[in-house]
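Accompanying notes for the structure given below.
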Amino acid sequence: MVAPEPVASPGPGPRPEPGAGASGDGASDAEQVRLRLAIAYDGTDFNGWSRQPGLRTVQGVVEEALGVLFRRTGTSPRLTVAGRTDAGVHAVGQVAHFDVPPAALASVTRPRRGHDSGPDDAEPPGVLLRRLTGIIGASDSDVVVTAASLAPDGFDARFSAIWRRYEYRIADSAAARDPLDRHRTVWRPRGLDTERMDAAAHTLLGLHDFAAFCKPRAGATTIRTLESFRWRRDADGVLVASLQADAFCHSMVRALIGAAVAVGEGRLDVDAPAELLRAGERTNAFMVMPAKGLVLTEVGYPDDHELEIRAAQTRARRRLHVQVDDEADAGGVRRRRLDACPSSR
């Protein structure tokens with residue numbers, strides 16, 4: 001879901017990466033100001049986050065609204081996001097940033113006589129948030145910009161992040177099936193064993209090559225650190241998985257959920273997901289679960305003084321050092337040793 005891409009380091013201060021934003025006034029990178037947005041959306045009617053020609057996407061909707069807001073300044077803001085969610089995936093804690101010339105920001109946040117008198121309008125980000133909300137639609141929109149602020153020096157929504165957290169909801173035969181939750185909960189006809197699923201999830205924690213659970217993308221690493229993966233059953237009986245990692249590659253969360261469901265239904269042994277992980281190859285032993293049960297809940301960042309260092313470290317591609325034993329283990333699965341380290345490439 002989040003894959004590295006080569007982006008130049010912004011250097012000190014809130015400067016954009018090349019191509020991150022387009023301004024029509026010839027302003028240099030040093031003259032740009034960076035704003036941070038918090039975004040929530042119901043992914044049901046979106047074709048994912050990333051802008052695609054002819055398709056409705058979250059990025060497209062928000063950037064179009066920004067384009068309307070900045071249209072008289074000659075600036076066309078472009079968003080950089082923490083997690084590029086797939087079609088149908090929801091978010092309550094998405095984070096993005098964009099860069100604009102200070103003069104453009106001042107122009108679109110200038111007080112209007114008789115309209116800007118509240119405390120939230122004292123600073124430009126508050127004015128921008130209110131006007132952007134008015135363009136997107138405040139009362140009945142499936143995407144909401146929930147907060148706006150000036151980004152601290154070195155902040156990059158994507159590369160400064162130290163973890164992403166997701167939740168996945170499943171209603172099995174023991175759960176109450178609420179039709180009001182049908183767009184964010186997957187229904188399964190069979191009962192699921194939460195304890196077996198939680199035990200299987202625990203075996204996948206740590207630094208691994210998650211190639212068995214990721215759709216391959218050219219030039220993208222599948223090395224990730226899965227920091228947390230737990231299952232619980234809420235009061236209404238709905239099973240909720242909570243996962244946290246430094247980043248997730250394409251389809252990784254839904255594949256991990258699918259493997260756990262196969263364990264919970266008794267189709268796989270508790271140790272099977274870990275064995276598949278070590279094998280390092282895609283398999284049809286489980287299904288990738290539907291997108292609608294998945295929600296990006298939060299993105300974590302380091303302290304402000306560490307933001308730029310973190311961004312530079314993340315941009316550096318990670319190399320995989322694989323040591324294959326001369327002999328297979330007792331189960332016939334070859335062991336690997338993984339080290340994630342910075343590379344100049």
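Each residue takes its place number in the sequence, starting with 1. None of the values given here were measured: they were computed from a predicted structure.
- Judged as a side-chain contact (heavy atoms from CB on, under 4.5 Å), and not counting sequence neighbours, the contacts of Arg188 are Ile170, Val186, Val261, Glu265, Arg267, Met287, Met289.
- Of the residues listed (Phe210, Tyr166, Tyr168), the one engaging Phe248 in a ring-ring contact (aromatic ring centres under 6.0 Å, His included) is Tyr166, and it is the only one.
- Both Leu105 and Leu79 are assigned to one and the same hydrophobic cluster, defined by single-linkage of ILVMFWY side chains at heavy-atom distances under 4.5 Å.
- Partners of Ala176 by side-chain contact (heavy atoms from CB on, under 4.5 Å), not counting sequence neighbours: none found.
- Taken to the nearest 0.5 Å, the CG atom of Asp209 stands 8.5 Å off from the SG atom of Cys249.
- Here Phe70 pairs with nothing under the ring pair (Phe, Tyr, Trp, His ring centres under 6.0 Å) rule; sequence neighbours left out.
- Partners of Glu227 by side chain to side chain donor-acceptor pair (under 3.5 Å), not counting sequence neighbours, listed by chain and number: Gln244.
- In the hydrophobic clustering of ILVMFWY residues, with side-chain heavy atoms under 4.5 Å counting as a link, Leu37 and Trp49 come out together.
- Residues that satisfy the side-chain contact (heavy atoms from CB on, under 4.5 Å) test with Gln52, not counting sequence neighbours, are Asn47, Leu55, Thr57.
- Under 4.0 Å is where a charged nitrogen must lie from a carboxylate oxygen, and between Lys215 and Asp86 no such pair does.
- In this structure, Arg230 pairs ionically with Asp198, as a charged nitrogen and a carboxylate oxygen lie closer than 4.0 Å.
- Listed by chain and residue number, nothing satisfies the salt bridge (Lys or Arg N to Asp or Glu O under 4.0 Å) test with Arg36 (two or more places apart in sequence, or in another chain).
- No path of Ile, Leu, Val, Met, Phe, Trp and Tyr side chains, each step under 4.5 Å between heavy atoms, connects Val92 with Ile39, placing them in separate hydrophobic clusters.
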